[in-house]
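Note sheet for the following structure.
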Amino acid sequence: MIPSCPLPRYAVAPRHSATPLFPDSFMIRTRFAPSPTGYLHIGGVRTALFNWLFARGRGGRFILRVDDTDRERNLDETLAPILHGFRWLGIDWDEGPEVGGDYGPYFQSQRGELYRAAVDRLLASGHAYYDYAGTEDLAQEREQAEAEKRKFIYSRRFRAASKADRERFEADGRQAVVRLEMPREGECRFTDLIRGDMAFEWGREQDHVIQRADGSCLYHLASVVDDHEMAISHVIRAEEHLSNTPRQIFIAQSLGYELPEYAHLPLVAEPGSKNKLSKRKLAKYLKHPEFARLTKHGEEIARAIGLSPDAETFNPVLVDFYETVGFLPGALLNYLLLLGWSLDDKTEDFDRQAMIENFSLERVQRSPASFDPTKLMTFEERHMAALSIDERTALCRPFAEKAGLVSETGETAGTTDTPDLRAIVAAAGDRIKLAGDIIQFEDFFVPDDQLLYDPPAWEKRLVQPERAASLLAEYRQTLSSIEPFDTEHLEQAMRDFMAAKGIKLGEIIHAVRVATTGKSVGFGMFETLAILGRDRTLARIDRALARIDRLARRALLDQPVSAGEE
RNA sequence: GGCGCGUUCGUCUAGGGGUCUAGGACGCCGGCCUCUCACGCCGGUAACACGGGUUCGAAUCCCGUACGCGCUACCA
């Protein structure tokens, strides 16, 4: 599928092997260079993950570098969430913010001298020049080229070839930027580890600006200098950078650097489309039913734990969303791994170790992969199902606490007989997909006299069946003598009751369910009753019976009441 | 517009000339199980963008077209 790519300097370890096969001088070093924007984008995480896996699987190092060129932001606010996100995911970095390293500083804002020195060298070697053209001068040339239907190439009219030129332009009040003097003939050729041999015509490139009039340097220059200074061996990044590679190669070669290997990953696209996934287009994604479902699911959890989700930041495109609602980081990683990479035709479940051992650039897909919220959810389910009850309980507890279901000091919240969280998690089984799903079972925690009844369920199970009330009242009597009050004895008692009354299970169990939980759906009935315990079960049934009676009388008096009213 | 990259079921993908009447997973549809919901189990639907080559033979190689996406900044 992928043409074999020559790897002149880096042997690639065979699949299934994490053993580094090369001397230290050929150490694999990859990097991810986030901009401190205040959030971690899911597509960025996929790129970071692939960089991390590539390094980890080959005895290399993974570096985090903060791309804060030209930014006057508050780093505490804008970088912290990103670092936090990586830590939550378990993507650790060997060098970078907060951990340091031998190639620091790891903030581009602190490396200005390095960039300026590089610019000076490019100037001195004739690979760059001072340019005094204003933006309007360029715009004019561009328009003219367009009018004449030829491709725009800057005339270099305001290029300062000498000191005298500079003085002359400056006397006119002009300011200089530094531009690359790009070749206008020939081709830039390089091999992409994922896409094979690439060729770009130099003549299509512009004389890109690398330094502004104020002396600050631009991204491509900074990036190339840093990658070299930090001894990055493999530049693994999103495909949107493929077209930028020639100018970076030009910079690197002009500076006499040895080129890194390049690998351009396919984009992570929107649900159901091939457009680049963007945090700005949330409104559009919400029209996608499955994306909307995930978002809504998350919002319910967020609200229950006392957050007021902001549409701008609470959004499945951002990693923070997943942590907030109780996703398992391993599940997110597993899903992201398979967005653009596969091992074979069947293996889908990977833990960290398996990812590291098996990941390879050769098996990276070349076409964009769209983000599928539903499939992500199934990975979450599988990972959650693999945990023990105790592990799941531990994950759910913080959510139950934040939602006010249990107190932070122990199991009991308001009353002395608040149910055991572990028992609920056990009975919930696979219904708890996200740790935050525990909030769906708040009915176990509400005081018995505040239970709400789902109107259609109440009507169908307690009003319409003629014998519902009387059977429920009789069954209530048997409950009071069950000992111990556990699922086994509850079930036996129910069977005995059915036999004695000559009824089917369905004739009684649904009524009990609605009477004790207010809903027509839920866990196994006997588990539910056991969790509630005898006192609360009886209290809830008594309350339901009283309510049936009350509503029936009002109905007789021709005073209709809505089912929800108390 | 120019340049670049890409195109296998709705989605993620397997596939490196014959083993492909194209496999798996998710979704969807139907059924089973069942105290409800969920799970589980069984079955089903569904794809090689199009057109030319090359070849005994092409999803696989080549060319073209279409479509999609990306880049085309004194953003990163």
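Here is the naming used below: chain letters follow the sequence lines, and residue numbers restart at 1 for every chain.
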Say you pick atom [atom1] in [N] and the same atom in [M]; how far apart are they, in whole Å?
| N | M | atom1 | result |
| --- | --- | --- | --- |
| B:G15 | B:U60 | P | 15 Å |
| B:C71 | B:U54 | P | 40 Å |
| B:A49 | B:U34 | P | 46 Å |
| B:C29 | B:U13 | C1' | 22 Å |
| B:G31 | B:C12 | P | 30 Å |
| B:A22 | B:C9 | C1' | 10 Å |
| B:G2 | B:U11 | C1' | 33 Å |
| B:G23 | B:A66 | C1' | 29 Å |

Closest to the [X] side chain, choosing from [options]:
| X | options | result |
| --- | --- | --- |
| A:Lys276 | B:C71, B:U11, B:A25 | B:C71 |
| A:Phe200 | B:A76, B:G4, B:G68 | B:G4 |
| A:His241 | B:G27, B:U11, B:A76 | B:A76 |
| A:Asp372 | B:A25, B:U11, B:C12 | B:U11 |
| A:Glu348 | B:C12, B:A25, B:C71 | B:A25 |
| A:Ser370 | B:C74, B:C12, B:C5 | B:C12 |
| A:Arg142 | B:C75, B:A73, B:C5 | B:A73 |

Rounding to an integer number of Å, can you tell me how far [X] [atom1] sits from [N] [atom2]?
| X | N | atom1 | atom2 | value |
| --- | --- | --- | --- | --- |
| A:Leu343 | B:G15 | CG | C1' | 14 Å |
| A:Glu205 | B:A73 | CD | P | 10 Å |
| A:Arg212 | B:A73 | CZ | P | 15 Å |
| A:Asp197 | B:G4 | CG | C1' | 15 Å |
| A:Ile249 | B:C3 | CD1 | P | 20 Å |
| A:Glu240 | B:G68 | CD | P | 20 Å |
| A:Leu79 | B:A76 | CG | P | 17 Å |
| A:Lys279 | B:C75 | NZ | P | 21 Å |

In the structure shown, which nucleotide is the Watson-Crick or G-U wobble counterpart of [N], with both distances under 3.5 Å?
| N | value |
| --- | --- |
| B:U72 | B:G1 |
| B:G6 | B:C67 |
| B:C29 | B:G43 |
| B:C61 | B:G53 |

When all nucleic acid strands are considered with a 4.0 Å heavy-atom cut-off, which category describes A:Lys151: base, sugar-phosphate, or nothing? nothing
A:Tyr335 vs A:Tyr322, test: ring pair (Phe, Tyr, Trp, His ring centres under 6.0 Å). Steps then yes/no. CA-CA 13 Å; A:Tyr335 173 71; A:Tyr322 300 95; 9.1 Å; no
Around atom CZ of A:Arg280, are there more than 12 heavy atoms from other residues, nucleotides or ligands closer than 6.0 Å? no
For atom NZ of A:Lys274, decide whether the heavy atoms of other residues, nucleotides or ligands shown that lie under 6.0 angstrom number more than 12. yes
Do A:His220 and B:A76 share a donor-acceptor pair, side chain to base, under 3.5 Å? yes
Return yes if the base of B:A25 and the side-chain atoms of A:Lys375 contain a donor-acceptor N/O pair under 3.5 Å, otherwise no. yes
On the six-membered ring of A:Phe250, is A:Arg247 placed so that its NZ or CZ lies under 6.0 angstrom from the centre and within 45° of the ring axis? no
Produce a footprint string for nucleotides 29-39 of chain B: one letter per nucleotide, 5' end first; B if the base is under 4.0 Å from any protein heavy atom, S if only the sugar-phosphate is, - if neither. ------BBBBS
The single option from A:Glu290, A:Glu348, A:Glu381 passing salt bridge (charged side-chain N to carboxylate O under 4.0 Å, His left out) against A:Lys375: A:Glu348
A:Tyr130/A:Phe169 under ring pair (Phe, Tyr, Trp, His ring centres under 6.0 Å): CA gap, chis, key distance, verdict: CA-CA 10 Å; A:Tyr130 286 106; A:Phe169 285 129; over 10 Å; no
Please say which of A:Leu338, A:Leu53, A:Leu333 ends up in a side-chain contact (heavy atoms from CB on, under 4.5 Å) with A:Phe350. A:Leu338
Do the side-chain N or O atoms of A:Ser342 get closer than 4.0 angstrom to the phosphate oxygens (OP1, OP2) of B:C12? no
